[in-house]
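Scroll down for the structure; my scribbles are underneath it.
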Amino acid sequence: MAKNLVIVESPAKAKTIGGFLGSDFLVKSCFGHIRDLSKSDISVDVENNFQPKYEVSPDKKDIIKELTKLSKEAETVWLASDEDREGEAISWHLLEALNLNQDNTKRIVFHEITKPAILKAIDSPRKIDYNLVNAQQARRVLDRIVGYELSPVLWKKVKPSLSAGRVQSVAVRLLVERERDITAFSTSSSFRVVALLSFQHEGKSYTLKATLPRKIQTYEEAETFVNACNNANFTIIDVEKKPSRRTPSAPFTTSTLQQEASRKLGFSVSQTMVVAQKLYEAGRITYMRTDSVNLSDTAIQSAKNQINSAYGERYHKARQFTTKSKGAQEAHEAIRPTYMEQTPEKGDTQENRLYELIWKRTLASQMADAEIEKTVVKIAISGLEEQLEALGEVVIFDGFLKVYSESFDDAPEEEEVSNLLPPVAKGMRLELNELTATQKFSSPPPRYTEAALVKKLEELGIGRPSTYAPTISTIQKRNYVVKEEREGTPRNYKVITLKDSSVSDTEKTEITGHEKNKLFPTDIGTVVNDFLVENFEQIMDYNFTAKVEKEFDEIAEGLQEWTLMLKSFYQPFIKTVSKTLEESERATGARHLGVDPKTGKNIYVRIGRYGALAQIGENEDEEKKFSNLRQGQRLETISLEEAIDLFKLPRKLEMFEDKDINIGTGRFGPYIRHDSKFYSIPKDEDPLEITTERAIEIILAKRKADAEKVIKIFNETDPLIQVLNGRWGPYISKGKENFKIPKGTDPNSLNLTDVEAIIADDANKPKKMVGKAKAATAASKKTKSKKK
DNA sequence: CAGTGAGCGAGCTTCCGCTTGACTT
């Protein structure tokens with residue numbers, strides 16, 4: 001039986017610390033918070049000083065039972081939860097829930113998991129800091145009040161099951177407002193001049209790319225400029241060299257790791273956290289939910305050794321970074337490899353790729369600045385005042401760039417700086433190969449990726465490292481936001497080219513506005529946001545969290561009483577809630593688009609029971625017509641013409657084989673229905689334009705494909721086994737399951753034994769969790785919690 | 001691979017922040 005029981009939050013941490021302390025210490029984990037407000041109702045007695053009603057969380061019952069038993073047997077209990085507001089509260093909840101004795105309970109803290117840090121902590125225990133605990137209670141209760149008062153308002157005024165909260169609602173607001181900025185953006189264009197110039201040097205020929213620093217506003221002006229360059233002389237009049245330096249970024253926090261993993265590896269924020277968790281559990285990296293850029297002394301030392309032996313001392317520079325982010329609590333270290341000596345492993349797994357990113361970033365943070373020489377070459381054009389410029393950048397000493405270079409969201413579209421300039425000198429005459437003036441359009445502000453939204457939230461001090469990924473999932477789960485790819489649209493641009501002393505003019509096409517893995521607000525997200533902004537401006541203010549955080553800090557310092565803080569928030573807030581419930585209209589996002597030319601009635605769009613709809617006629621009218629909006633159409637941007645088009649379907653064509661042909665649009669897009677069978681209309685065809693002849697063609701083509709679908713049927717089996725021709729070639733179908741045919745096998749030659757062998761072989765392969773299986777797990781969990 | 005869109009009223013939904021597994025047939 002151990003004399004000492006140490007309780008930490010994470011089991012992986014418990015294992016490590018257990019190794020540092022002797023056999024007199026038993027180290028266990030409590031798995032984070034162990035008590036919380038009950039989920040079933042608000043569980044805060046607002047009449048009685050905001051007394052919270054805590055209960056042991058259902059999934060923590062067993063661990064509390066075990067910890068209670070162990071604590072009874074121990075001489076001393078050491079509460080070693082994290083050194084921040086939430087951690088302090090966890091210690092206090094443990095004290096209460098385990099019924100610990102104040103006399104033999106000690107509170108210790110450390111923010112790095114090293115043996116000296118732990119031993120030092122054991123040497124200097126303290127008492128629980130009740131001011132800090134109260135700051136956490138204020139945080140918890142305020143979030144509960146906001147969430148559990150606002151959400152029911154939405155159920156009544158917008159739609160059941162919606163949610164609102166201090167963090168999620170502001171996250172959605174950012175997306176809604178960005179979307180409006182994009183819609184309102186009016187693009188302008190200008191012309192960018194690029195010249196390719198060549199010269200001879202010691203018998204070799206070189207090419208230099210130069211640009212006009214100014215952008216030319218109009219087409220006419222650009223044409224004049226290009227013409228003026230025709231037959232002009234180009235001379236280098238200045239070569240200026242400027243030294244510059246680049247400094248490595250700080251080691252990773254949760255937020256910067258999510259951003260870089262998104263940019264460099266294409267991970268979603270939750271994917272990053274799952275992979276990082278695995279690395280952490282395997283002991284390969286430090287804790288992955290942190291807002292600190294701090295590195296322990298041992299980490300700095302081992303990075304130094306690594307750099308010196310691999311690259312030489314010139315590449316090393318010890319650095320300690322300081323956190324700039326708002327509201328950081330710094331209970332942990334930065335995210336870094338546990339052992340810098342463990343160099344990245346070969347193999348293209350997600351874990352190896354993320355580990356390599358962390359390893360390189362950490363190492364680079366302890367490396368020397370990169371020294372860069374920038375060169376600006378100025379080129380005069382005879383007969384013109386303006387000069388061309390060629391920019392070059394040469395890395396004189398690579399320093400940290402040897403291992404790591406950070407990516408940025410707003411990186412320039414085209415590389416305007418060539419790495420290495422050819423050997424140029426003042427006075428050189430250059431030959432013009434080609435000069436172009438290309439029309440460039442200004443771009444609207446970018447849509448957020450998941451990681452960019454995390455970055456923004458962190459800047460505003462909203463949310464915590466442990467909640468960034470869940471918040472992003474929540475707003476998608478509520479369907480306030482969708483992450484998707486959207487196709488761009490073609491756009492023409494002009495190019496004026498000067499070549500071989502002649503000027504020509506061409507029009508080219510580019511695709512603009514193509515988006516991939518970007519967050520888009522939905523109609524319901526927009527309606528909810530507008531409703532909340534109108535009625536609860538205080539909560540929706542981007543500075544709300546920062547303001548209450550300041551008060552939480554005052555509570556933590558003992559300068560303010562937590563229940564008084566809550567009272568001054570609650571009284572006006574609850575008045576606004578009841579006022580909104582009594583006075584505000586249902587929010588439907590209704591817009592009046594105009595008048596239907598056919599009927600003369602008004603056309604509206606709004607949110608209905610099943611999503612966005614268009615409506616002809618008033619709500620009170622007996623005869624009104626409805627239609628769903630199509631995929632990609634939004635309440636806010638749909639035009640009258642588009643809405644009118646919606647009512648042109650379904651339409652009836654002529655009869656074929658004595659049956660009607662109907663054109664409609666369903667969940668999967670436009671379709672042809674004939675004899676109660678469905679035929680989808682190809683993407684590039686307009687369902688309003690489809691003729692009877694074309695419809696019959698599509699029907700016959702589908703029949704033919706279906707007829708050729710079956711290659712073989714084995715009638716003697718149950719369920720039926722077939723070899724079929726599918727969209728991606730031949731495959732085997734057994735009941736509802738499908739199986740691949742191994743490459744190089746002729747599907748016509750397969751007999752029943754072959755096919756059964758393929759099916760049996762597939763069963764031996766490790767099964768991946770796919771969409772349906774996951775959904776099933778989630779559903780069963782839900783049923784379980786409902787029963788309770 | 002549709003068409004629903006209103007209202008009655010049962011019972012339900014909901015927050016943020018800590019931490020990881022998961023009753024198996």
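What's counted below: heavy atoms across the whole structure, side chains too, no hydrogens, waters or symmetry copies. All values reported here derive from a predicted model rather than from experimental measurement. Numbered from 1 within each chain, the chains take letters A, B, ... in sequence-line order.
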Testing the 3.5 Å rule here: is there a donor-acceptor pair between the side chains of [X] and [Y]?
X: A/Gln538; Y: A/Asp541; value: no
X: A/Tyr542; Y: A/Glu459; value: no
X: A/Thr474; Y: A/Gln168; value: no
X: A/Ser38; Y: A/Ser40; value: yes

[atom1] of [X] versus [atom2] of [N]: gap in Å, rounded?
X: A/Asp41; N: B/dT14; atom1: CG; atom2: P; result: 15 Å
X: A/Asp59; N: B/dC23; atom1: CG; atom2: C1'; result: 14 Å
X: A/Glu86; N: B/dC16; atom1: CD; atom2: P; result: 13 Å
X: A/Leu581; N: B/dT14; atom1: CG; atom2: P; result: 18 Å
X: A/Gln168; N: B/dG17; atom1: CD; atom2: P; result: 11 Å
X: A/Glu281; N: B/dT20; atom1: CD; atom2: C1'; result: 7 Å
X: A/Lys477; N: B/dC16; atom1: NZ; atom2: P; result: 12 Å

Indicate, with a heavy-atom threshold strictly under 4.0 Å, whether [X] touches base, sugar-phosphate, or nothing.
X: A/Gly463; value: sugar-phosphate
X: A/Ala164; value: sugar-phosphate
X: A/Arg85; value: nothing
X: A/Ser676; value: nothing
X: A/Leu162; value: sugar-phosphate
X: A/Tyr280; value: sugar-phosphate
X: A/Tyr287; value: sugar-phosphate
X: A/Glu149; value: nothing
X: A/Gly608; value: nothing
X: A/Val146; value: nothing

Which nucleotide wins on minimum distance to the side chain of [X], given the candidates [options]?
X: A/Val167; options: B/dC15, B/dC16, B/dC18; result: B/dC16
X: A/Arg478; options: B/dC15, B/dC18, B/dG17; result: B/dC15
X: A/Phe31; options: B/dG21, B/dC16, B/dC18; result: B/dG21

Study note, to complete from the structure: Between A/Ile108 and A/Ala121 the two heavy atoms that sit nearest each other are CG2-O, 3.2 Å

Given [N], is OP1 or OP2 found less than 4.0 Å from the side-chain N or O atoms of [X]?
X: A/Arg35; N: B/dT19; answer: no
X: A/Ser29; N: B/dT20; answer: no
X: A/Arg144; N: B/dG17; answer: no
X: A/Thr467; N: B/dC16; answer: no
X: A/Gln615; N: B/dG5; answer: no
X: A/Ser163; N: B/dC15; answer: yes
X: A/Gln136; N: B/dG17; answer: no
X: A/Arg464; N: B/dC18; answer: yes

**Study point:** Cation-pi check, A/Arg107 onto A/Trp92 ring (under 6.0 Å, within 45° of axis)
**Key:** no

Which pairs, protein N/O on one side and nucleotides 6-8 of chain B N/O on the other, fall under 3.5 Å?
unit_1 : atom_1 : unit_2   : atom_2 : d
B/dA6  : OP1    : A/Arg606 : NH2    : 3.3
B/dA6  : N7     : A/Arg609 : NH2    : 3.1

Check your understanding: Excluding sequence neighbours, so at least two apart, what forms ring-ring contact (aromatic ring centres under 6.0 Å, His included) with A/Phe536?
Key -> none

Revision key, fill the gap. Contacts of A/Phe110 meeting ring-ring contact (aromatic ring centres under 6.0 Å, His included) (sequence neighbours excluded), chain-then-number -> none

Check your understanding: So A/Ile663 and A/Ile681, side chain to side chain contact (heavy atoms under 4.5 Å, CB included) or not? Walk me through it.
Key -> CA-CA 9 Å; A/Ile663 310 284; A/Ile681 296 174; 3.9 Å; yes

Which pairs, with at least one residue in [range] and sequence neighbours excluded, count as a salt bridge (Lys or Arg N to Asp or Glu O under 4.0 Å)?
range: residues 460-480 of chain A; answer: A/Asp291-A/Arg464
range: residues 133-153 of chain A; answer: A/Asp36-A/Arg140, A/Glu86-A/Arg139, A/Arg139-A/Asp143, A/Asp143-A/Arg166
range: residues 607-634 of chain A; answer: A/Arg634-A/Glu636

Review point. If you find the nucleotide of DNA chain B closest to A/Ile42 and the one closest to A/Thr471, which residue's nucleotide is nearer the 5' end?
Key: A/Ile42

Study note, to complete from the structure: Of A/Asp36 and A/Gln277, the one whose nearest nucleotide on DNA chain B sits closer to the 5' end is A/Asp36

Check your understanding: Could you write out DNA chain B as a dot-bracket string, with dots for unpaired bases, | for bases paired across to another strand, and Watson-Crick or G-U pairs counted at under 3.5 Å?
Key -> .........................

Filtered N/O pairs between nucleotides 1-3 of chain B and protein, under 3.5 Å:
unit_1 : atom_1 : unit_2   : atom_2 : d
B/dC1  : N4     : A/Ser680 : OG     : 2.9

Check your understanding: For atom P, what is the distance between B/dG17 and B/dG21, given to the nearest Å?
Key -> 23 Å

Practice item. With sequence neighbours left out, write down each residue that passes salt bridge (charged side-chain N to carboxylate O under 4.0 Å, His left out) with A/Asp59, or none if nothing qualifies. Key: none

Revision key, fill the gap. Taken in chain and number order and not counting sequence neighbours, the residues that satisfy salt bridge (charged side-chain N to carboxylate O under 4.0 Å, His left out) with A/Lys28 are A/Glu66

**Study point:** Intermediate values then yes/no, side chain to side chain donor-acceptor pair (under 3.5 Å), A/Ser255 and A/Glu458
**Key:** CA-CA 7 Å; A/Ser255 146; A/Glu458 187 188 38; 2.8 Å; yes

Point to revise | Results of side chain to side chain donor-acceptor pair (under 3.5 Å) for A/Glu55 - residues two or more places apart only | key: none

Exercise for review: Output, in order, the C-alpha distance, side-chain angles, deciding distance and verdict of salt bridge (Lys or Arg N to Asp or Glu O under 4.0 Å) for A/Arg694 and A/Glu685.
Suggested key: CA-CA 10 Å; A/Arg694 177 66 188 134; A/Glu685 287 182 58; 2.6 Å; yes

Check your understanding: Is A/Trp155 stacked on the base of B/dT13, meaning ring centres closer than 5.5 Å and planes within 30 degrees of each other?
Key -> yes

Check your understanding: Of all of residues 548-556 of chain A, which get a heavy atom below 4.0 angstrom from DNA chain B, listed by number?
Key -> none

